[in-house]
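Only one structure is covered here, and it is reproduced in the block below.
As the structure is a prediction and not an experimental result, all values here were calculated from the model. Residue numbers start from 1 in every chain, and the chains themselves are labelled A, B, ... in the order their sequence lines are given, proteins ahead of strands.
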Number of protein chains: 2
Amino acid sequence: MTSLFKYLKKFYPLSKEAEQAIGEICKIITVKKNTDLQPIGHTCKTIYFINKGVARIYYFKDGVDITESFAFENNIIARIESLFTGKPSRKAIQILEDSEIVAINSTQLFKLYDTFPEIERLFRLIFESAYVDTVNRIESIQFHTAEERYKALIKDAPNVLKKVPLKHIASYLGITQVSLSRIRGVK
Amino acid sequence: MTSLFKYLKKFYPLSKEAEQAIGEICKIITVKKNTDLQPIGHTCKTIYFINKGVARIYYFKDGVDITESFAFENNIIARIESLFTGKPSRKAIQILEDSEIVAINSTQLFKLYDTFPEIERLFRLIFESAYVDTVNRIESIQFHTAEERYKALIKDAPNVLKKVPLKHIASYLGITQVSLSRIRGVK
DNA sequence: GTGATTATTTATCATATGTTAAATGGTTTA
DNA sequence: TAAACCATTTAACATATGATAAATAATCAC
């Protein structure tokens, strides 16, 4: 679990007590490729940290599987539209290769916010940073061609190509698999 | 300033002391149509609440004016990519009609977080909610046609048509003014 | 109010991406 | 190893949106 705390420290340094309190609401799990961590339709009550492996958030749009986002090693993934609203999620988190995951119980985490303002601050900063990334992603979607977005993605996350099927990359980029194939075909 | 506090209360109820502390770092200003509240290139140190009027965040992409978002009465607007990173903003906030605005100094606000955990919580909840909206907007951009997005916008914010030039609506939707005109032309 | 500026529409042509279908290549399982 | 299944590519055609230019319409400044 040291890599989780190393990750958290980058956002805000915690006291020993706060760190221990977080440790107590975490579980390390190993997950096989292609399993869903939580089914679509259930309210999100867990924040996941990827120790080792890859995951994606996906949902179905008119029956088509759409990837909303990827998460790689040493990063957090959560269905925030459910986590922050308490509503059932239309999305699922899928593990894309055999992975080791830290599962943080969000109900217990949010309770810790009352006792440890420093923990509330830590996660505030984490999600503020994710929020900024999301705002920037809108700009990327709206004002770059699919080809530019594809090139930016493989520059930004070269591992994605090694670990993720192209069909998921296509839907993440907002295009069809056929379009992505065409883009890749052009030298 | 009562409408600001009414807005805040929807997210998290504050103690009298916290409310007063916030009141002390706010300024009410009246702003003429078409003025920029803060120039591009300066670090965002203010969160604005629209008492009366309309505003937009915009920036230049390859010399073209792009609207990132609108804000109407009883809502907050801030350049969060600068507010949360401390980096200079490439964006500006422009007032689109004569408006009355509450300006909240963010440096002082963030200092209040240390004294009033309830204020930190309040703004955490506000921005978490805005974060969720942004995630949903990505879905809207990626998987709906420009025409669908236009119709959704005028359904969602009918005032936008009365108060905002079409060219700003077009760039907000991610299309050219000419395309929007064509979409509107079709009965 | 008049002229100048700015916003919006209309038209034409170009292009990126979608849709469908079929061909090829790769992986899993019995 | 073969068979079945899944992923990726290729091809042909359709369509939404972009780019440019010109015509109206609306707004602003004097």
Item to complete: Please check if the distance between the ring centroids of F127(A) and F84(A) is under 6.0 Å.
Response: yes
Discussion item. For I93(B) and R56(B): C-alpha separation, side-chain torsions, deciding distance, then whether side chain to side chain contact (heavy atoms under 4.5 Å, CB included) applies.
Written reply: CA-CA 6 Å; I93(B) 296 179; R56(B) 68 174 182 128; over 6 Å; no
Fill in: Test: R124(B) and E128(B) ion pair at under 4.0 Å
yes
Practice prompt. Let me know the distance between CG of D65(A) and P of dC6(D), rounded to the nearest Å.
Written response: 14 Å
Practice prompt. Report yes if a side-chain nitrogen or oxygen of K33(B) is closer than 4.0 Å to either non-bridging phosphate oxygen (OP1 or OP2) of dC28(D); otherwise report no.
Written response: yes
Worksheet item: Taking NZ, NE, NH1 and NH2 as the nitrogens, is one of them in E139(B) or R90(A) under 4.0 Å from a carboxylate oxygen of the other?
Response: yes
Item to complete: Mind calculating the distance between CD (Q142(B)) and P (dA16(D)) to the nearest angstrom?
Response: 19 Å
Practice prompt. Figure out the CD1/C1' separation between I141(B) and dT17(C), and round it to whole Å.
Written response: 17 Å
Fill in: d(CG, L180(B); P, dA7(C)) in whole Å
14 Å
Worksheet item: Counting just side-chain N and O atoms, does T145(B) come under 4.0 Å of either OP1 or OP2 of dA16(D)?
Response: no
Worksheet item: Out of dT9(D), dT17(D), dT17(C), which nucleotide sits closest to the side chain of Q177(A)?
Response: dT9(D)
Fill in: Charged tip of K91(B) within 45° of Y59(B) ring normal and under 6.0 Å
yes
Worksheet item: What is the distance, rounded to the nearest whole Å, between atom CZ of R149(B) and atom P of dT17(D)?
Response: 7 Å
Worksheet item: Should S179(B) be listed as having a side-chain N or O under 4.0 Å from OP1 or OP2 of dG18(D)?
Response: yes
Worksheet entry | Along DNA chain D (nearest heavy atom to each residue), the more 5'-positioned of V164(A) and N34(B) | V164(A)
Item to complete: Round to the nearest Å and state the distance from E147(B) atom CD to dT15(D) atom C1'.
Response: 13 Å
Item to complete: Kindly say if R184(B) contacts the phosphate of dT9(C), meaning a side-chain N or O under 4.0 Å from OP1 or OP2.
Response: yes
Worksheet item: dT6(C) C1' sits how many Å from L96(B) CG, rounded?
Response: 15 Å
Worksheet entry | K167(B) side chain, from C-beta outward: closest of dT10(C), dA7(C), dT17(C) | dA7(C)
Practice prompt. Name the residue closer to the 5' end of DNA chain D, choosing between P165(A) and I175(B) according to the nucleotide with the nearest heavy atom.
Written response: P165(A)
Worksheet item: Which nucleotide sits closest to the side chain of V178(A): dA11(C), dT9(D), dT8(D)?
Response: dT9(D)
Practice prompt. Measure from the side-chain heavy atoms of R182(A) and tell me the nearest of dA12(D), dG18(D), dT8(C).
Written response: dA12(D)
Worksheet item: Touch check for T176(B), heavy atoms < 4.0 angstrom, all strands: base, sugar-phosphate only, or nothing?
Response: sugar-phosphate
Worksheet item: Expressed in angstrom and rounded to an integer, what is the separation of K162(B) atom NZ from dA7(C) atom P?
Response: 21 Å
